[in-house]
Amino acid sequence: MRDVLPEESGLWRHVEGVVKDVISSYGYEEIRLPVVEFTDLFQRSVGEATDIVEKEMYSFRDRGDESLSLRPEGTAGCVRACEEHGLLYNQTQRLWYAGPMFRYERPQKGRYRQFEQIGVEAFGFLGPDVDAEHILMTAEMWQRLGVMDGLTLELNSLGSPETREQFRDALVAYLRTREDELDDRSRERLDRNPLRILDSKDKRTQGVLDQAPIMLDFLDEESAEHFEKLKHLLASQGMRFVVNPRIVRGLDYYTRTVFEWTTLQLGAQGAICGGGRYDSLVEQLGGRPTPAAGFAIGMDRLVLLVEMMQQGPAIAPIDAYFIVSEEALIERAFEWSGRLRQAFPALKLRMHCGGGRFRNQMRKADQSGAKVALILGEDEARDDRVSVKPLRGQGDQLTLDYEALRQYMEDVISEGNGA
Ligand code: ATP
Ligand code: MG
């Protein structure tokens with residue numbers, strides 16, 4: 001688990017802001033969910049035989065002897081909340097959530113034990129239009145963040161639970177004939193979770209998989225039609241994609257459409273967003289059959305990508321640093337700074353606290369990264385004015401009354417301010 005320090009948090013806010021703006025622009029509403037759920041919820045949704053439930057969950061007993069887990073993903077909790085509050089009763093829902101997820105994994109660049117996701121879920125939509133909407137929505141985010149060039153959309157269809165079962169049997173039958181060529185991990189998975197073998201990064205296993213049966217050949221008629229329509233919709237909007245029959249996703253609950261946005265720039269941690277359809281999950285968790293689709297963005301990886309592609313905006317940590325030459329003037333300084341903050345809700349104005357010599361205060365102002373220093377000395381106070389001194393680039397020090405300062409600050413704030 002890691003800390004996000006002040007030097008990175010501005011970029012985080014920028015990326016989160018863009019993602020949330022795009023989601024809102026599609027008419028989705030926020031749902032805020034707890035970080036802890038009953039362990040049983042994840043066993044029933046994510047699936048007993050998945051890596052997540054088998055070995056990645058942070059589970060513990062609380063004082064009432066209930067088994068609880070830190071959420072490893074957001075969809076299960078979202079479905080649980082919708083059921084609990086009757087949100088799926090005779091209505092559709094388009095929701096999003098943001099927050100930390102927890103998985104006990106081997107930490108490395110782009111893979112952490114606590115990581116942030118922003119997730120989107122739509123309930124009650126059976127057709128491929130909503131799948132397309134989700135993909136277009138994510139593409140819009142990458143465009144606005146300037147990282148589209150680094151990303152590829154990979155698509156697959158898992159069909160229905162029945163056809164998936166048939167495919168699984170065919171896959172296992174084939175892999176049994178070449179069992180000795182598989183890596184250890186894949187051999188283990190042959191009994192427990194054979195679909196995950198398709199994910200293997202092992203070269204030799206991949207060679208074996210090249211001749212394995214392909215999921216898309218097993219699709220039922222309706223799933224095949226759904227997939228064709230989706231591809232057609234995406235193409236009609238100029239979206240480029242590759243069909244990758246090896247995409248299975250790590251969770252048990254997916255049906256039909258699955259997709260991932262991947263990049264080559266983050267090593268093995270190449271997936272920055274994954275999603276798809278999970279038409280049987282609501283029923284599996286005790287609700288009425290409700291079609292559903294969604295996706296989750298790995299925000300840590302997205303921020304890394306924006307940083308690596310140098311698409312972050314220049315963000316000044318603060319706009320102005322307020323200096324007071326005499327301790328007795330601090331009350332006046334609070335009045336001035338209060339008025340300015342009220343006039344400019346986005347203004348980042350830091351007050352020098354703790355007094356000290358003027359020269360030292362000036363040095364602090366310089367180090368703060370502020371664009372200007374505001375100075376209140378005896379002369380200024382007598383005339384009911386404040387001096388403003390540019391700290392970056394040229395410009396003279398000016399002594400201004402409130403109205404003139406307000407106008408001056410308007411320019412300071414708008415000038416190259418990304419956050
Ligand atoms: P991976 O194959 O990289 O383990 P995943 O399939 O387990 O990813 P999902 O469960 O689909 O991931 O979660 C959606 C997104 O969340 C991923 O595409 C990824 O960007 C991000 N993510 C998943 N696990 C982690 C992690 N441990 N640290 C950081 N981001 C993660
Ligand atoms: Mg994983």
Side-chain angles (χ1 to χ4, degrees), residues 1-4 8 12 15-16 19 42 45-47 49-58 69-79 96-121 134-135 137-138 141-142 145 147 150-156 158 185-186 189 193 195-202 206 244 246-255 257-278 281 292-308:
M1 294 171 189
R2 68 193 180 125
D3 304 302
V4 173
E8 301 165 89
W12 269 87
V15 175
E16 285 167 348
V19 168
F42 302 112
S45 57
V46 175
T50 58
D51 285 353
I52 292 179
V53 169
E54 270 190 344
K55 42 189 175 250
E56 294 177 1
M57 277 212 297
Y58 284 89
S69 295
L70 301 184
R71 61 181 180 192
E73 54 96 54
T75 301
C78 187
V79 172
W96 68 271
Y97 56 81
M101 306 295 158
F102 303 83
R103 296 182 194 174
Y104 189 79
E105 304 202 67
R106 194 167 69 78
Q108 50 203 294
K109 185 174 183 185
R111 190 176 297 284
Y112 311 102
R113 289 178 173 178
Q114 173 175 337
F115 58 99
E116 283 295 303
Q117 281 186 349
I118 294 185
V120 160
E121 319 284 359
H134 287 169
I135 289 170
M137 189 190 294
T138 50
M141 295 168 191
W142 319 146
L145 288 166
V147 295
L151 288 166
T152 306
L153 172 61
E154 303 189 39
L155 276 186
N156 191 20
L158 302 181
R185 189 112 175 70
S186 296
R189 283 173 162 163
N193 194 355
L195 291 188
R196 281 299 265 181
I197 298 174
L198 297 177
D199 252 1
S200 172
K201 304 278 184 284
D202 183 82
Q206 286 186 348
N244 178 356
R246 297 253 180 100
I247 294 193
V248 287
R249 323 269 311 113
L251 325 173
D252 264 2
Y253 52 61
Y254 285 97
T255 48
T257 312
V258 285
F259 69 89
E260 275 182 9
W261 283 98
T262 56
T263 177
L264 297 173
Q265 312 211 20
L266 298 176
Q269 279 55 252
I272 68 152
C273 170
R277 223 162 230 291
Y278 45 97
L281 180 64
F295 65 85
I297 302 167
M299 294 301 289
D300 304 74
R301 293 183 193 175
L302 181 57
V303 169
L304 272 172
L305 185 65
V306 172
E307 202 175 11
M308 286 177 72

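No experiment lies behind these values; they were computed from the predicted model shown. In listed order, ligands and their atoms are each counted from 1.
- In terms of heavy-atom proximity, Glu154 sits nearest to Ile247 at CB-CD1, 3.2 Å.
- Closest to atom 29 (C) of ligand 1 by heavy atom, among Pro72, Gly110, Gly298, is Gly110.
- Between the choices Gln114, Arg111, Glu56, Glu105, the shortest heavy-atom distance to atom 1 (P) of ligand 1 belongs to Arg111.
- Among all non-hydrogen protein atoms, the one lying nearest atom 16 (O) of ligand 1 is Gln117 NE2, 3.1 Å.
- With Phe102 as the aromatic partner, Arg113 does not meet the cation-pi criteria of under 6.0 angstrom to the ring centre and within 45 degrees of the ring axis.
- The ring-ring contact (aromatic ring centres under 6.0 Å, His included) search around Tyr253 returns Tyr278, not counting sequence neighbours.
- Checked by distance only, ligand 1 and Ala271 come closer than 3.5 Å through their nitrogen or oxygen atoms.
- The heavy atom nearest to atom 30 (N) of ligand 1, out of those in Phe115, Phe295, Tyr254, Tyr112, is found in Phe115.
- Taking all heavy atoms of Glu260, Gln269, Arg301 into account, the minimum distance to atom 8 (O) of ligand 1 is reached by Arg301.
- Among protein heavy atoms, atom 11 (O) of ligand 1 sits closest to Arg249 NH2, 2.6 Å.
- Here the side chain of Arg301 pairs a donor or acceptor atom with the backbone of Ala271 at under 3.5 angstrom.
- In this pair, Trp261 and Trp142 present their aromatic rings perpendicular. The plane angle is above 60°, beyond the 30 to 60° band.
- With Arg103, Lys109, Arg106, Lys201 as candidates, the residue nearest to atom 10 (O) of ligand 1 on a non-hydrogen basis is Arg103.
- In terms of modelled atom types and a separation under 3.5 Å, the side chain of Ser200 and the main chain of Asp202 share a donor-acceptor contact.
- Close approach of ligand 1 to Cys273 is summarised as follows: ligand atoms under 4.0 Å from at least one heavy atom of the residue are 18 (O).
- Put simply, no part of Glu73 is less than 4.0 Å from ligand 1, judged by heavy atoms.
- Neither the backbone nor the side chain of Arg113 has any atom closer than 4.0 Å to an atom of ligand 1 (non-hydrogen atoms only).
- Rounding to the nearest 0.5 Å places CD of Gln117 at 12.0 Å from CG of Leu302.
- Glu56 places no side-chain N or O within 3.5 Å of a backbone atom of Glu54 that could act as its donor or acceptor partner.
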